[in-house]
Amino acid sequence: MCGIVGYTGPKEAYPVIIKGLKRLEYRGYDSTGVALLDGSLKVYKKKGRVAELEDALVGKDLHGHTGIGHTRWATHGEPSDVNAHPHQSSSGKLAMIHNGIIENYVQLKQDLINKGYRFKSETDTEVLLNFIEEIKNNNHCSLEEAVRVALKRVTGAYVILLLNTEEPDTIIAARKGSPLVIGIGKNEHFLGSDASPMLEYTKEVVYVNDYELAIVKPDELILKNLGNEKITPYVQKLDIELAAIEKGGYDHFMLKEIFEQPQTIFDCLRGRLDTIGETITMSGIQQYADQIMKANRIVMIACGTSWHAGLVAEYIFEELCRINVEVEYASEFRYRNPVIHPGDVIIAISQSGETADTLVAIENAKAQGAIILGVVNVVGSSIARTSHGGAYTHAGPEIGVASTKAFTAQLAVLTMIALKIAHNKGTIDQERYVHLLNELSEVPSKVATALKLKDQIRILAEKYKDARDFLYLGRGYNFPVALEGALKLKEISYIHAEGYPAAEMKHGPIALVDKDLPVVVVATKDAYHHKVVSNIQEIKARKGKVIAVISEGDSATAAMCDDVIMVPEADEIVAPMISVVPLQLLAYYIGVAKDYDVDKPRNLAKSVTVE
Ligand code: G6P
């Protein structure tokens with residue numbers, strides 16, 4: 001949550017920062033601001049999106065070769081001009097942006113008020129900034145030293161970027177818990193919450209670690225720990241292309257990302273799944289294959305859509321590997337003193353690799369001796385680096401706030417891991433193993449077929465867009481798909497939607513069924529198909545409207561439903577990757593029909609770096 005950008009070098013900083021902020025808006029978009037250094041410090045900030053700030057700044061003095069910018073997702077203090085970042089210190093000499101939460105800010109604020117400080121905003125950021133200035137003035141030290149001292153007294157999570165009028169070409173940066181990437185150019189440096197603001201300028205980046213402080217000048221990057229010892233920056237090469245973060249002719253990133261899925265699933269399988277050699281190659285898993293096979297249990301830890309991927313994986317791992325699996329919300333797991341035995345295997349699932357709860361949950365489990373495997377999309381992210389091993393999902397940058405292609409790529413990776421372990425362990429026979437390898441390899445083309453339903457789904461969206469509530473039902477492997485369909489609808493169209501196991505409907509939700517309630521039933525052919533069909537009849541008997549996702553050719557089920565969406569038949573283990581696609585499209589087209597900003601739904605942020 002919150003995107004941060006910085007630049008120092010020969011270019012004008014403002015255009016670099018504004019473009020970077022637009023790319024980081026997925027991280028929060030309720031207010032935005034920039035600070036530019038050009039002898040004097042100029043701070044412009046405003047409630048609203050980056051484009052609104054840009055419009056408001058036409059004609060203003062935007063000159064400066066060093067600057068910082070921020071796009072906010074409010075934590076402390078409502079979205080407003082005054083709470084927007086950057087904040088300025090009492091003296092007016094320092095400006096700071098912050099992504100994270102300072103937990104002990106109330107105490108710090110009171111101490112500063114007692115010393116005569118007055119605050120303009122309600123933010124924890126302004127408190128930290130004045131705390132730093134107070135230390136700088138009291139100790140007569142450099143800003144760098146003051147930041148170091150201050151951060152030792154701060155609890156919480158942060159990335160901060162600071163400008164100081166006394167050092168006009170320098171940005172001081174520090175991180176704990178929230179991401180920070182520094183791009184290295186020719187006599188210039190770029191800073192960002194991720195690498196997207198710097199893609200057209202450099203491919204060389206440094207991922208700053210927790211408890212590190214960076215002193216960034218045009219021609220110099222110094223990294224230090226909080227003990228003031230220098231650290232050699234580890235420079236990595238980026239392999240993301242600019243095209244990957246542009247809309248490429250689609251109306252929205254979400255639609256583009258839904259349509260990328262045949263390719264992203266293919267990219268995820270490529271080089272790993274070999275249907276001819278009948279092998280799955282995943283080096284980051286192979287290293288831990290023995291421990292996974294011997295594990296008493298596997299715990300999947302995730303949030304949001306990634307948690308739904310974990311639920312599908314629970315069914316797959318238990319079925320194929322005969323290992324007990326638990327699926328945990330990271331936010332609950334981290335605070336409930338869970339029993340962890342050395343040798344427990346934790347699989348952390350995360351698109352961004354930066355979700356604060358997931359990150360802390362795995363750090364805790366790691367400290368207790370668990371083996372941590374990451375199933376992560378963003379290369380070099382915090383969760384990827386904290387994990388012992390794992391596998392990247394290779395879905396490419398996902399920018400739409402509602403996750404789509406990351407989900408199907410997570411399922412592809414998790415299915416491959418389960419198949420590999422089951423094969424090693426001997427809990428799957430060769431015939432089924434080979435069958436599933438082939439089924440997996442056919443998923444990209446079946447997803448491509450499902451995408452051809454887009455016009456039909458757009459018409460359905462028009463038909464149902466005014467419903468007040470939706471129910472989503474599924475059984476077995478399709479139950480988490482129902483949850484994911486409901487989540488997509490909530491996120492994008494602000495329609496209340498609940499996902500339920502189809503049979504559980506009788507224990508409550510059936511009371512809601514009437515002629516006005518659309519019920520989306522995921523009823524593709526699987527072992528429980530006849531059971532789901534009974535549930536459809538129960539809904540019809542109460543005059544509910546059934547929209548069913550069924551397998552091609554299933555005319556018997558089609559005849560019972562109000563509307564059907566037919567997807568290619570697939571083995572139940574891989575079916576969720578296909579059956580979720582029409583639900584993504586349905587949510588998308590309902591959101592568009594209601595004229596909502598589907599890429600940036602209200603109150604949400606893509607990367608939840610605060611707990
Ligand atoms: C946010 C996003 C969701 C995502 C969840 C977990 O809520 O809006 O789309 O599923 O975070 O994020 P992660 O990056 O850990 O998968």
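Both counts, for ligands and for their atoms, begin at 1 and track the order of listing. Keep in mind that what you see is a predicted model, and the values were worked out from it rather than measured.
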Is a salt bridge present between Lys405 and Glu398, judged by a nitrogen-to-oxygen distance below 4.0 Å? no

Salt bridge check: are Glu200 and Arg23 linked by an N-O gap of less than 4.0 Å? yes

Hey, can you tell me if [X] and [Y] have their rings parallel, tilted or perpendicular (30° and 60° cut-offs)?
{"X": "Tyr596", "Y": "Tyr494", "answer": "tilted"}
{"X": "Tyr477", "Y": "Tyr315", "answer": "tilted"}
{"X": "His70", "Y": "His85", "answer": "parallel"}

For [atom], grab the closest protein heavy atom and report residue, atom and distance to one decimal in Å.
{"atom": "atom 6 (C) of ligand 1", "value": "Cys303 O, 3.4 Å"}
{"atom": "atom 10 (O) of ligand 1", "value": "Thr305 N, 3.0 Å"}
{"atom": "atom 8 (O) of ligand 1", "value": "Ala605 O, 3.1 Å"}
{"atom": "atom 7 (O) of ligand 1", "value": "Val608 CG2, 3.9 Å"}
{"atom": "atom 2 (C) of ligand 1", "value": "Lys606 O, 3.5 Å"}

Taking the six-membered ring for Trp and the full ring for Phe, Tyr or His, determine whether the centres of Tyr105 and His76 are under 6.0 Å apart. yes

Is it the case that the ring center of His252 lies less than 6.0 angstrom away from the ring center of Tyr588? yes

Show which atoms of ligand 1 fall inside a sub-4.0 Å distance from at least one heavy-atom site of [X].
{"X": "Ser306", "value": "10 (O), 13 (P), 16 (O)"}
{"X": "Val401", "value": "8 (O), 9 (O)"}
{"X": "Ser350", "value": "13 (P), 14 (O), 15 (O), 16 (O)"}
{"X": "Ser403", "value": "9 (O)"}

Atom 12 (O) of ligand 1: of Leu487, Ile349, Thr355, the nearest heavy atom sits on Thr355

